[in-house]
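Everything below concerns the one structure shown next.
Quick note: numbers below take in every heavy atom, side chains included, and nothing from hydrogens, waters or symmetry partners. Everything quoted here is computed from the prediction, not taken from an experiment. Counting begins at 1 with the first residue of the sequence.
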Amino acid sequence: MGVVYRWVYAVDASVRFFIRDFNSLRLLIVNAAVPVMVLATYELLMGVLDTYIDSMIAVMAPYSRAMVGNFLHFIGSMMYLVTAALIIAFTVTSVFMVNGLISGLRNDLRAVINIFRSSMGIITYIVLIMVLTSAYSFALGVSISAALVLVIMKVLTTLGIVPISNYGINMVGALPELLPLLLIITLTYVVEGVVWVRRYASLP
């Protein structure tokens, strides 16, 4: 039961820290939310426009389907290059941000070590904090992008540029493209967190 209690304590302490010291994690959350927001905005916007473009081609210019398809493919390729650049920037900046967070938590981490008497407890503690941070960043980025896409589509229809009557966006359809990015963000934060913990917490 003692081992179970310690693991429950690790989970409880991680969640409590995430809620209590949310401001300490703010830069980490924003740093990860930016690439999510950019990619999600692109995926949601293209999902809406693809439907509109397909309907326009079928009615007005069926012969131009290949040309439009090539153009959209080019835009998609450029977008993934932008996303790759954002991931690189995220990785570099996250190194310094996670370093600052862990160094600021030095006393808290040593207190957790005294409770667990082993490195696994403190590693679990920081891993859970990083997973919560990544999940919140993902939710924040997707939420902002969804609102942004709806605003963009409303502006386009109001100006008569794109006469779309349905403002629905396919969140489920965009998830397969976004989940790999969430995995990258989570692994980056977890690995960096564990590395800096081992440096600052003097683990056995």
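Going from atom OG of Ser94 over to atom CG of Asn99 covers 11.0 Å, rounded to the nearest 0.5 Å. Atom CD1 of Ile87 and atom CG of Leu181 lie 5.0 Å apart (nearest 0.5 Å).
A side-chain contact (heavy atoms from CB on, under 4.5 Å) with Val190 is found for one member of Val195, Val98, Val127 and no other, namely Val127.
Residues Ile185 and Phe22 fall within the same hydrophobic cluster, defined by Ile, Leu, Val, Met, Phe, Trp and Tyr side chains chained together at heavy-atom separations under 4.5 Å. Taking hydrophobic clusters as Ile, Leu, Val, Met, Phe, Trp and Tyr residues chained together by side-chain heavy-atom distances below 4.5 Å, Ile126 does not share a cluster with Val191. Hydrophobic clustering (ILVMFWY, side-chain heavy atoms < 4.5 Å, transitive): Leu86 and Phe96 are in distinct clusters. Linking Ile, Leu, Val, Met, Phe, Trp and Tyr residues whenever their side-chain heavy atoms come within less than 4.5 Å places Leu81 and Tyr42 in a single cluster. Ile19 and Tyr136 fall within a single hydrophobic cluster, where Ile, Leu, Val, Met, Phe, Trp and Tyr are joined by side-chain heavy atoms under 4.5 Å apart, directly or via other members.
For residues 174-187, the set of pairs meeting the side-chain hydrogen bond (donor to acceptor under 3.5 Å, both in side chains) definition, not counting sequence neighbours, comprises Tyr80-Glu177.
Counting heavy atoms from C-beta outward, Val194 and Met130 have side chains that stay 4.5 Å or more apart. Counting only heavy atoms from C-beta outward, the side chains of Leu45 and Met153 approach each other to under 4.5 Å. Taking 4.5 Å as the limit, some side-chain heavy atom of Leu25 sits within range of a side-chain heavy atom of Phe18.
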Indicate every side-chain donor-acceptor pair of residues 26-39 with a distance under 3.5 Å to a residue at least two apart or in another chain.
| unit_1 | atom_1 | unit_2 | atom_2 | d |
| --- | --- | --- | --- | --- |
| Asn31 | OD1 | Thr93 | OG1 | 2.8 |
| Asn31 | ND2 | Phe90 | O | 3.4 |
| Asn31 | ND2 | Thr93 | OG1 | 3.2 |

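In terms of heavy-atom proximity, Leu44 sits nearest to Ala174 at CD2-CB, 3.8 Å. Of all the heavy atoms in Pro180 and Pro176, the pair that sits closest is CD-O, 3.1 Å. Considering all non-hydrogen atoms of both residues, Ser145 and Thr41 come closest at CB-OG1, 3.0 Å. Closest non-hydrogen pair, Ala139 versus Ser143, comes out as O-OG, 2.7 Å.
For Val95, the side-chain contact (heavy atoms from CB on, under 4.5 Å) test picks out Glu192, Trp196, with sequence neighbours left out. Every side-chain contact (heavy atoms from CB on, under 4.5 Å) that Leu187 has, sequence neighbours left out, goes to Leu183. For Arg16, the side chain to side chain donor-acceptor pair (under 3.5 Å) criterion is met by Asp12, not counting sequence neighbours. Qualifying side chain to side chain donor-acceptor pair (under 3.5 Å) partners for Thr188, counting only residues two or more places apart in sequence or in other chains: none.
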